[in-house]
Protein chains: 2
Amino acid sequence: MDSLGIGALARKAGVRIDTVRYYERSGLLAPKSRLPSGYRRYGLGELARLRFIRRAQGLGFSLREIRELLALSRGRDVARVKRTAQAKLADVEARIAALQRVREGLATLIAACPGHGDAADCPILQALGGEGPGASQLPHSPEPGAER
Amino acid sequence: MDSLGIGALARKAGVRIDTVRYYERSGLLAPKSRLPSGYRRYGLGELARLRFIRRAQGLGFSLREIRELLALSRGRDVARVKRTAQAKLADVEARIAALQRVREGLATLIAACPGHGDAADCPILQALGGEGPGASQLPHSPEPGAER
DNA sequence: TTACACCCTGGACTATGGTCCAAGGTCATG
DNA sequence: CATGACCTTGGACCATAGTCCAGGGTGTAA
């Protein structure tokens, strides 16, 4: 029978047994059935679902979002799946843009720092430690709290 | 006197009082002084530092990383400061690259998804739910657990 | 039958980044 | 001096995403 115990399932998906049970508690992955003893049994569908969960996490989806994605796919609502993916894409792009601004700021500071001499001449320390309005050479980016 | 109580400081920086105290517990932000009563007093340097913390967080730095970043300003070793900043730059660039791979994967899937019709035809669901070791249409993104 | 791997539940614990509360002390204004 | 806003500490609690443990039960093969 191509039915798996929780250990075999976890090994095939590369996760810990506890993680499988955690996903079950979180409403993401239920066993196909249970033995009279209570042992969980999983089929290939559950294995695919577990792999889906891991891949989606790798793309930056939270478990909550993955739960929504799974519900959408069960509902055959392709339009909403696409919209969700688009929203995630926009999120990823915003994060890239913010990091690119920080990269520019850091690169500028590093280029201007002689790497020796007095600390007062180090633009990195000036920008960071500043007494003034602070980090004025660093970009303005979404502060935490302004979060989605 | 341009010295602030914790409430005024928090308001000026747009954070909660508890957050200021939490940062203090975390070794990120100490008051300039204390009144005999124990009340914390902050100067403009502390305000700048607090704003820096928030900006850095917005850019995806953890409090631990921000602590390291701030520690640079206490060091007198300009060479070490520069090296640390360079390491941080490399870190930021690696994060950008990882996010760009995620973006490519998402964009490809979205472009291929008609946005309607049967779930079986949705490449987003196919890629995530696939049987194979697969996700062949997806970039290799650090699966959670392979995290730094 | 015995050995041993496998599995069960429930609950505690990790780390991150806060947020809130209680009980009490202090500061500033009328 | 009374009032109310402000502040103190310590500890509890929240979500996220797990991880681990104790104390027991089960499955299977020699």
Side-chain angles (χ1 to χ4, degrees), chain A residues 1 3-42 46 50 52-70 91 142-148, chain B residues 1 3-42 46 50 52-70 141-148:
Chain A
M1 238 167 288
S3 114
L4 303 161
I6 193 171
L9 177 82
R11 266 192 305 279
K12 278 189 183 264
V15 304
R16 315 247 173 159
I17 287 176
D18 295 293
T19 301
V20 176
R21 283 196 279 247
Y22 174 70
Y23 290 164
E24 183 177 343
R25 275 208 304 289
S26 306
L28 287 163
L29 181 70
K32 199 174 71 178
S33 63
R34 295 253 190 170
L35 295 185
S37 60
Y39 279 33
R40 293 166 178 84
R41 303 307 303 185
Y42 299 91
E46 283 71 37
L50 180 50
F52 175 112
I53 293 166
R54 298 306 281 186
R55 288 192 200 112
Q57 274 191 302
L59 291 180
F61 290 89
S62 70
L63 294 189
R64 167 188 294 271
E65 290 170 320
I66 294 166
R67 193 161 48 233
E68 287 161 19
L69 231 32
L70 287 166
D91 180 66
E143 278 159 42
E147 257 157 56
R148 39 164 186 97
Chain B
M1 238 164 292
S3 112
L4 303 161
I6 193 170
L9 178 81
R11 267 193 305 280
K12 278 190 183 264
V15 304
R16 317 246 173 164
I17 288 175
D18 296 291
T19 302
V20 176
R21 284 196 279 247
Y22 174 69
Y23 290 165
E24 184 177 343
R25 274 206 305 290
S26 306
L28 287 163
L29 181 71
K32 199 174 71 178
S33 63
R34 295 256 190 167
L35 295 184
S37 60
Y39 280 31
R40 294 165 176 85
R41 301 307 303 185
Y42 300 90
E46 284 70 38
L50 179 50
F52 175 79
I53 292 166
R54 289 263 116 187
R55 275 197 291 270
Q57 270 190 303
L59 294 171
F61 289 90
S62 70
L63 293 190
R64 168 187 294 271
E65 290 171 320
I66 295 167
R67 192 161 48 234
E68 287 163 18
L69 235 29
L70 287 167
S141 37
E143 272 165 42
E147 256 156 61
R148 42 169 186 83

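Just so we're on the same page: letters track the sequence lines, and every chain starts at 1. Hydrogens, waters and symmetry mates play no part in the numbers below; they use all other heavy atoms, side chains included.
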NA contact type, [X], heavy-atom cut-off 4.0 Å: base, sugar-phosphate, or nothing?
{"X": "B:S26", "value": "nothing"}
{"X": "A:R34", "value": "sugar-phosphate"}
{"X": "B:R21", "value": "base"}

Look at the side chain of [X] and decide which nucleotide, out of [options], has an atom nearest to it.
{"X": "B:R25", "options": "C:dT19, C:dC8, D:dA17", "value": "C:dT19"}
{"X": "B:R40", "options": "D:dT8, C:dT16, C:dC8", "value": "D:dT8"}
{"X": "A:I17", "options": "C:dT19, D:dG18, C:dC7", "value": "C:dC7"}

Does [N] have OP1 or OP2 under 4.0 Å away from a side-chain N or O of [X]?
{"X": "B:R54", "N": "C:dG18", "answer": "yes"}
{"X": "A:Q57", "N": "D:dG18", "answer": "yes"}
{"X": "B:Y22", "N": "C:dT16", "answer": "no"}
{"X": "B:R16", "N": "C:dG18", "answer": "no"}

With sequence neighbours left out, what residues match [X] under side-chain contact (heavy atoms from CB on, under 4.5 Å)?
{"X": "A:A8", "result": "A:L4, A:R11"}
{"X": "B:S62", "result": "B:R64, B:E65"}
{"X": "B:S26", "result": "B:Y22, B:L28, B:R67"}

Notebook entry, point to check: Are B:F61 and B:E68 side-chain neighbours, meaning at least one heavy-atom pair lies under 4.5 Å?
Noted result: no

Check: Mind checking whether A:Y42 and A:L50 have side chains closer than 4.5 Å, heavy atoms only?
Finding: no

Atom [atom1] of [X] to atom [atom2] of [N]: distance rounded to whole Å?
{"X": "B:L29", "N": "C:dG17", "atom1": "CG", "atom2": "C1'", "value": "15 Å"}
{"X": "A:L4", "N": "C:dC7", "atom1": "CG", "atom2": "P", "value": "10 Å"}
{"X": "A:R41", "N": "D:dT26", "atom1": "CZ", "atom2": "P", "value": "15 Å"}
{"X": "A:I53", "N": "D:dA17", "atom1": "CD1", "atom2": "P", "value": "12 Å"}
{"X": "B:I66", "N": "C:dG17", "atom1": "CD1", "atom2": "C1'", "value": "11 Å"}
{"X": "A:E24", "N": "C:dT9", "atom1": "CD", "atom2": "C1'", "value": "12 Å"}
{"X": "A:I6", "N": "D:dG27", "atom1": "CD1", "atom2": "P", "value": "15 Å"}
{"X": "B:D18", "N": "D:dA12", "atom1": "CG", "atom2": "P", "value": "16 Å"}

Partners of [X] by side-chain hydrogen bond (donor to acceptor under 3.5 Å, both in side chains), sequence neighbours excluded?
{"X": "B:R21", "result": "none"}
{"X": "A:R16", "result": "none"}
{"X": "B:E24", "result": "B:R34, B:R40"}

Item checked: Distance, nearest 0.5 Å, that separates OH of A:Y23 from CD of A:E46 ->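 It comes to 15.5 Å.
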
Which atoms of nucleotides 22-27 of chain C (N or O only) lie under 3.5 Å from a protein N or O atom, and what are those distances?
residue: C:dG25; atom: N2; partner: B:Y39; partner atom: OH; Å: 2.2
residue: C:dT26; atom: O4'; partner: B:Y39; partner atom: OH; Å: 3.2
residue: C:dT26; atom: O2; partner: B:Y39; partner atom: OH; Å: 3.4
residue: C:dC27; atom: OP1; partner: B:S37; partner atom: OG; Å: 3.0

Atom pairs, protein N/O to nucleotides 1-4 of chain D N/O, distance under 3.5 Å:
none

Next item on the list: Please report the closest heavy-atom contact between A:Q57 and A:I66, naming both atoms and the distance.
Entry: CG-CD1, 3.5 Å

Item checked: Position toward the 5' end of DNA chain D (nearest nucleotide), B:G5 or A:L63 ->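 It is B:G5 whose nearest nucleotide is closer to the 5' end.
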
